[in-house]
Amino acid sequence: MKLWTDLREFFFPRICPICGKKLLLTEEILCTGCLTGLPYTHILNSPGNEMERSFWGRFPIRRASSLCYYARGSKISSLLHDMKYHGARTACIRMGELLASELHPSGFFEGIDCLIPVPLHPRRQRTAGPRNLCPYRHPRLHGCPAPHSP
């Protein structure tokens with residue numbers, strides 16, 4: 001089995017979408033340098049955090065959190081671009097798992113009955129296909145005890 005993995009890595013190396021370096025076998029989506037260098041918010045379950053305040057007066061929201069700060073041209077912007085426009089489904093799942101693993105110990109999910117997906121625009125639904133309509137219903141998503149709405 002290791003021979004096939006080595007051959008696959010030789011002919012089709014996995015590349016970090018941020019820095020372009022070859023990923024090690026233990027790295028999944030991002031290289032360790034890029035993963036540790038992301039602009040994490042560390043807001044977790046802080047009431048009245050920046051993310052919640054951005055929704056105040058616009059939408060009735062109980063809790064909100066964010067894994068990273070966004071800035072145009074930053075490391076995270078290229079990753080989000082790949083996730084949104086190039087169908088980087090594995091990156092979406094891995095970043096969702098990372099966010100859930102950060103939020104779960106903070107008690108963020110306590111009292112939440114259900115997670116409701118943000119609907120896609122009808123034009124995007126036609127091009128996305130049925131498997132991409134709700135990517136975070138993936139069985140590997142862990143750390144979130146709340147059921148997911150269809």
Side-chain angles (χ1 to χ4, degrees), residues 9 12-150:
E9 288 295 319
F12 306 104
R14 297 173 304 126
I15 305 295
C16 175
I18 293 176
C19 67
K21 292 182 181 175
K22 184 179 173 190
L23 295 175
L24 300 174
L25 289 176
T26 57
E27 297 169 334
E28 290 185 49
I29 301 301
L30 302 176
C31 67
T32 304
C34 290
L35 190 60
T36 58
L38 289 177
Y40 292 105
T41 60
H42 302 290
I43 58 176
L44 300 176
N45 197 15
S46 308
N49 63 50
E50 295 173 58
M51 180 61 75
E52 285 182 9
R53 286 194 308 265
S54 69
F55 286 104
W56 287 355
R58 294 186 198 180
F59 189 77
I61 194 164
R62 302 275 170 115
R63 292 185 196 143
S65 189
S66 174
L67 182 63
C68 296
Y69 289 105
Y70 177 82
R72 187 175 283 176
S74 68
K75 289 181 176 184
I76 196 72
S77 69
S78 64
L79 178 63
L80 290 173
H81 186 271
D82 284 349
M83 290 165 62
K84 186 172 181 178
Y85 297 109
H86 299 291
R89 183 179 171 84
T90 307
C92 292
I93 292 168
R94 179 65 186 116
M95 295 306 284
E97 289 174 346
L98 184 60
L99 179 60
S101 68
E102 292 283 325
L103 290 176
H104 186 64
S106 73
F108 184 85
F109 295 112
E110 290 176 10
I112 291 180
D113 298 325
C114 178
L115 296 177
I116 301 172
V118 176
L120 290 175
H121 188 274
R123 191 172 349 141
R124 177 68 177 124
Q125 285 180 359
R126 286 191 296 271
T127 61
R131 299 190 78 214
N132 294 330
L133 294 182
C134 192
Y136 49 82
R137 289 195 298 173
H138 195 275
R140 283 183 36 205
L141 182 61
H142 65 283
C144 178
H148 299 84
S149 171

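In plain terms, the two heavy atoms of Pro105 and Glu102 that are nearest each other are CD-O, 3.6 Å. The shortest heavy-atom contact between Ile43 and Ser66 is CD1-N, 3.8 Å. Of all heavy-atom pairs between Ala100 and Phe109, the closest is O-CE1, 4.1 Å. Closest non-hydrogen pair, Arg63 versus Gly107, comes out as NH1-O, 4.5 Å.
Scanning for side-chain hydrogen bond (donor to acceptor under 3.5 Å, both in side chains) contacts around Tyr40 gives an empty result, with sequence neighbours left out.
Cys92 places a side-chain heavy atom less than 4.5 Å from the side chain of Met83. The shortest distance between side-chain heavy atoms of Met95 and Leu79 falls below 4.5 Å.
The CD atom of Glu52 sits 8.0 Å away from the CG atom of Asn45 when rounded to the nearest 0.5 Å. Considering CD of Glu97 and CD1 of Ile29, their distance stands at 9.0 Å, rounded to 0.5 Å. The distance from atom SG of Cys68 to atom NE2 of His42, rounded to the nearest 0.5 Å, is 8.5 Å. With values rounded to the nearest 0.5 angstrom, Lys84 atom NZ is found 12.5 Å from Ser77 atom OG.
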Quiz: residues 14-26 side-chain donor-acceptor pairs under 3.5 angstrom, not counting sequence neighbours:
unit_1 : atom_1 : unit_2 : atom_2 : d
Arg14  : NE     : Glu9   : OE2    : 2.9
Arg14  : NH1    : Glu27  : O      : 2.8
Arg14  : NH1    : Glu28  : O      : 3.4
Arg14  : NH2    : Leu24  : O      : 2.7
Arg14  : NH2    : Glu27  : O      : 3.2

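Residue pairs meeting the ring pair (Phe, Tyr, Trp, His ring centres under 6.0 Å) criterion with at least one member in residues 50-76: none, sequence neighbours excluded.
A side-chain contact (heavy atoms from CB on, under 4.5 Å) with Leu67 is found for exactly one of Thr41, Leu103, Leu99, namely Leu99.
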